[in-house]
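Following: one structure in structure tokens, then a few remarks.
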Amino acid sequence: MFTVLSTVESLERLNKNTFLLKVKAPQLATAIKPGQFCNIKVSDADYPLLRRPFSVCYTDGDTVYFMFDIQGEGTRILAEKKTGDQLDILGPLGNGFNTEGDFEVAVLIGGGIGVAPFPLLIKHLEGKEILTFVGARNSEQLIKWGMRNILVATDDGSEGFNGNVIAYFQSEANKLENKKIRIFGCGPNPMLKALQKVAEKKYDCQLSIESAMACGFGICQGCPVKKSDGMGYYLVCKDGPVFNSDQIVIE
Amino acid sequence: MFTVLSTVESLERLNKNTFLLKVKAPQLATAIKPGQFCNIKVSDADYPLLRRPFSVCYTDGDTVYFMFDIQGEGTRILAEKKTGDQLDILGPLGNGFNTEGDFEVAVLIGGGIGVAPFPLLIKHLEGKEILTFVGARNSEQLIKWGMRNILVATDDGSEGFNGNVIAYFQSEANKLENKKIRIFGCGPNPMLKALQKVAEKKYDCQLSIESAMACGFGICQGCPVKKSDGMGYYLVCKDGPVFNSDQIVIE
Amino acid sequence: MIDLSVQIGRLKLKNPVLLASGTVGYGNEIAEFTDLSKLGGIVTKSLSLKPRIGNPPQRICETASGMLNAIGLANVGVEVFIKEKIPFLKKLNTTIICNIAASSIEEYVECTRILTQEDAIAAFEINVSCPNVKEGGLEFGNNLQAVAKITEKVKAVTDKPVIIKLSPNVSRISEFAKIVKDNGGDAVSAINTLVGTAFDIWTRKPKIKNITGGLSGPAIKPVALAKVLEISRNVEIPIIGIGGIMNWKDAVEFMIVGASAFQIGTVNFINPKAGEEIIDGLIEYCKKMSINRISDLTASYEI
Amino acid sequence: MIDLSVQIGRLKLKNPVLLASGTVGYGNEIAEFTDLSKLGGIVTKSLSLKPRIGNPPQRICETASGMLNAIGLANVGVEVFIKEKIPFLKKLNTTIICNIAASSIEEYVECTRILTQEDAIAAFEINVSCPNVKEGGLEFGNNLQAVAKITEKVKAVTDKPVIIKLSPNVSRISEFAKIVKDNGGDAVSAINTLVGTAFDIWTRKPKIKNITGGLSGPAIKPVALAKVLEISRNVEIPIIGIGGIMNWKDAVEFMIVGASAFQIGTVNFINPKAGEEIIDGLIEYCKKMSINRISDLTASYEI
Ligand SMILES: Cc1cc2nc3c(=O)[nH]c(=O)nc-3n(C[C@H](O)[C@H](O)[C@H](O)COP(=O)(O)OP(=O)(O)OC[C@H]3O[C@@H](n4cnc5c(N)ncnc54)[C@H](O)[C@@H]3O)c2cc1C
Ligand SMILES: Cc1cc2nc3c(=O)[nH]c(=O)nc-3n(C[C@H](O)[C@H](O)[C@H](O)COP(=O)(O)OP(=O)(O)OC[C@H]3O[C@@H](n4cnc5c(N)ncnc54)[C@H](O)[C@@H]3O)c2cc1C
Ligand SMILES: Cc1cc2nc3c(=O)[nH]c(=O)nc-3n(C[C@H](O)[C@H](O)[C@H](O)COP(=O)(O)O)c2cc1C
Ligand SMILES: Cc1cc2nc3c(=O)[nH]c(=O)nc-3n(C[C@H](O)[C@H](O)[C@H](O)COP(=O)(O)O)c2cc1C
Ligand code: FES
Ligand code: FES
């Protein structure tokens, strides 16, 4: 964990609401593991006050990629960055996905901007068979950048499977029955909750979850998530953001 | 008084710390009188909270000019505006200079960024003889844009008269003895105080003064300046910013 | 059609948007920017019996998402108000609430007694909470007995609704709301400004001549919301919410936590059309939420 | 050479920069970013006798120039603290102030009695002002008698300096400082967070599960400064200033209005090196102002 002053290399629009930000940050690029995130100061001023957490999307040489949706004021400011701007980044944060161990097929399931950490994850899954379920409201909001073996689901049926991405995965799951699979899920809470249920006692499943955060590195205690064993809370920023599906209770 | 969404035409650097901002704002350009000011919202967000007051520097067709120094956060943001940006401006505010009446020579005395309102004033003084005393710390900080018949004073003597602009005016005043003159002064308070003393009972003199302001149009009562008759306060934004030299007590 | 009208005790407003005392003067300047007849009403600058010239400069200073002011209740006094300001206010076709700030209980009563004869005035807001005058202000606002007495005595000389504007600079604001209710007050406004200060580190002098000032603006919104909620959950009295409202979303938040109407202050300095814009926003919000009467929003929090 | 050391009663600090309770955990995470041995000291997260798991999410939310938190004093409890946290804290080579928050006077006393035996602890900060726990917290902080008793009883079981951390949610904070002094307290910290709230207008639910939270950050700086000034002008007791400090300029402002030292809280989340940077800034400021001892800044206001 450290802070770096990175330099914006480019900002690219992937679709109406989604951006791909590339920054030069050699130290970070080397240190980062898939599923980890960074806490970004979107402006020089004290406004907005807090940093904003974003998963690392990809790394390439000295360059770190972030993929983000415009949500509110902070991401709006981020979307105005220009090549050459300086960006204060704190990271790498959290534990990341566990890609070790014995499995044949990596099933990545992402809803909306939840696919953000997948490109780097895919890079680290070399040698495994990969299936990427990508869900979105409609075809306009689909994010395919950096994904592999994409299976598309849209809520309005405008592209691919007509329905949510978990339902799609379930309808396809029988094809994977004889293989040892591991699921990596990331997306909005309702999706993760549904996935958790599907995975229960059946699949090896890791979920990357979100939480409001102040610090991102364990000092504010602002980001609890209930432990499934009833023994209090994990901190999403420090103990997560990736958890085994059965470790936590998603609200 | 009204608010307009103007469009930035250009932002030019006049010297190390001084900028010339041109915005397209037809309605304002028509309405404005020399010595009036506008209250500018430097960002779309609620930060910085308050508008920032700036004298109108010049108008040309539909275009309104402002001249400003970087002082703090608000002017720093203003200095980052790009051609095409929208700028929310409230104006025209205050009473402006009185250019009516019977005088032959207009003596404009400005210290630092205090010269900002002079270009438009000069435009309105057509037919009069004009002398513009321009003071600055040093030659690097001198602002000559839009001035006429410039007499320069610098505190460090790096250009023109070696000393402050009031001392310079005094040393030149004898040359004007037989003419009917009117002084227009604008600059930091110590300068205006000195000028007030020089003008006392001797010269017809108008001073444009500054004050912290919240609204700029008379509703917050945040901008008092003591009346010289002891009967309370004027509001700088509404009753000023231009006052006859003998009307007010400058602190 | 969405019914925007609200009722603050006996006082009916065409909509819940009021302009706060001290942030609209007597209405004339702001009328150049906005159609005041569209608003629920305006609350005039705090009046005292005699004119006050106010505090010496500097009276205001900006802070993070807020501002400090110590105007010192500069006002024209009751007599000039009646003669010179009321004629204009009458023409506005909006509800006029007259705010009074005094240095003694007698002065509050005397002001109200005189002003209650003016038809143009629909209600009184009694400012017991101005932090910027030495004699009364804070002292009254922090003293339950004083607030009780002022409420009772002012009520005795007017039939018009009496709203007490509460100070946030207390531990339990609901105790003050309760005493207002118990003494016949019709409603409370919450909140006035928080006491704050700022110093220049180079001169070591206060940035405001009065040393301390009142903090307003978005910075105080969370505090104001908590105070309104506290009153709402503990006392049955209509509340006018105030503090840091910049847009319709903030306004909705105040109604949700318990306000029947709300006042906007600092935002008028930045966007003098904010009041009208908030009305438009409220209408859109109600449509989206299928709310037919805006008053249904009041205290609709789900806790 | 500028003398940066300050004295808070009997407690000597190498410089006035302290990290505030609840914003540094037990020191380990932040130590990755900054050299804690350079700081005046750190104040550990509020401890209670038994561990507390804290409040359910959502615990925090951002506001204009501030944030609300209702962590609910999540902490490991005295026993685990001694076993697992003190060994690390010992190695930091900085002054450790142990903050205690309890639900009863007995619990305050018991915690102090046990912890005072730890050499690593240089002083105690008694948190009587946490707004986010039901049983004690606010109740104590707003009650003069309770604060008197806690001060007296805690002092009775320790020889180490006892600092009482005051609540800003009161009318006259100086009365609390006075009662601390009268009951033998060595110093006061001011301020803890202001009570605030925020609601989601679409769900009408509080953004923070606990309903209200504590407001911190730049938004509260003017209020905090006014509280410190009020104590400084009315009570002779060392003050540790807290509230919205983001940089060395803010820190200087706190010293000018009366603080002998200061704590930084929220800024640690944004810039975990802020403490070190503030020290550098203080040195530059002292040079420019020809100040040889930083302690000369304390209460150097010119009013
Ligand atoms: C571990 C982690 C990884 C994330 N990765 C990504 C990513 O790769 N791409 C992406 O687009 N988004 C990601 N998010 C969500 C992203 O942090 C929010 O969209 C962003 O903070 C919104 O800021 P804002 O100012 O635009 O929105 P606002 O709604 O104005 O923000 C207000 C406050 O709420 C917080 N907030 C708002 N939405 C969220 C959220 N979903 N999660 C946490 N805090 C939130 C903000 O941080 C801020 O403090 C991630 C969140 C977490 C916790
Ligand atoms: C009637 C009038 C006309 C002005 N005309 C010009 C002009 O033409 N060109 C120009 O460069 N400047 C002018 N000023 C000064 C200008 O308003 C300030 O420089 C500017 O507000 C500084 O904002 P900031 O955020 O950069 O500085 P900060 O110091 O960060 O501002 C903090 C706060 O102090 C206020 N403030 C700071 N300096 C001044 C000041 N000198 N006068 C009033 N308020 C101040 C700001 O408005 C803000 O609220 C004028 C001021 C007034 C009152
Ligand atoms: C410059 C200024 C002057 C004020 N004057 C008064 C006043 O005379 N009487 C009063 O009751 N409140 C006065 N207030 C307080 C406001 O009415 C309001 O309660 C406060 O500003 C909080 O609301 P806001 O955050 O929307 O500004 C004043 C506020 C400001 C900023
Ligand atoms: C997330 C968070 C947790 C806090 N926890 C505690 C605590 O456990 N004990 C305590 O005395 N103060 C606690 N505080 C209050 C801070 O110590 C400090 O008084 C307050 O945040 C104001 O300072 P700031 O504006 O610099 O943050 C906490 C503050 C925050 C933001
Ligand atoms: S965000 Fe601060 S502890 Fe997790
Ligand atoms: S700035 Fe508001 S009255 Fe002058």
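Quick note: numbers below take in every heavy atom, side chains included, and nothing from hydrogens, waters or symmetry partners. No experiment lies behind these values; they were computed from the predicted model shown.
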**Among M289(D), M255(D), K249(D), side-chain contact (heavy atoms from CB on, under 4.5 Å) partner for I201(C)** = K249(D)
Residue pair [X] / [Y]: nearest heavy atoms and the distance that separates them:
| X | Y | answer |
| --- | --- | --- |
| L215(C) | A219(D) | CD2-O, 3.8 Å |
| P222(D) | L68(C) | CB-CD2, 4.2 Å |
| E302(C) | P206(D) | O-CD, 3.5 Å |

**Message:** So V195(D) and K227(C), do their side chains get closer than 4.5 Å, heavy atoms only?
**Reply:** no
**Message:** Do V170(C) and S171(D) have side chains that approach each other closer than 4.5 Å (heavy atoms only, starting at C-beta)?
**Reply:** yes
**Heavy-atom pairs under 4.5 Å with chain C, option from I303(D), V252(D), T63(D) with the top count** = I303(D)
**Item:** Residue selection (most heavy-atom pairs with chain C, distance under 4.5 Å) from V228(D), D200(D), V257(D)
**Value:** V257(D)
**Message:** Under a 4.5 Å cutoff for heavy-atom pairs, which residue among A198(C), G217(C), A64(C) has the most contacts with chain D?
**Reply:** A64(C)
**Fill in**
Interatomic distance, CD1@I220(C) vs CD1@I220(D), rounded to 0.5 Å, equals 14.0 Å
**Item:** Interchain contact, I211(D) with chain C, by part (heavy-atom threshold 4.5 Å)
**Value:** side chain
**Message:** F199(D) vs F254(C), test: side-chain contact (heavy atoms from CB on, under 4.5 Å). Steps then yes/no.
**Reply:** CA-CA 9 Å; F199(D) 274 67; F254(C) 270 90; over 6 Å; no
**Item:** Heavy-atom contact with chain D under 4.5 Å, split by part of I256(C)
**Value:** side chain
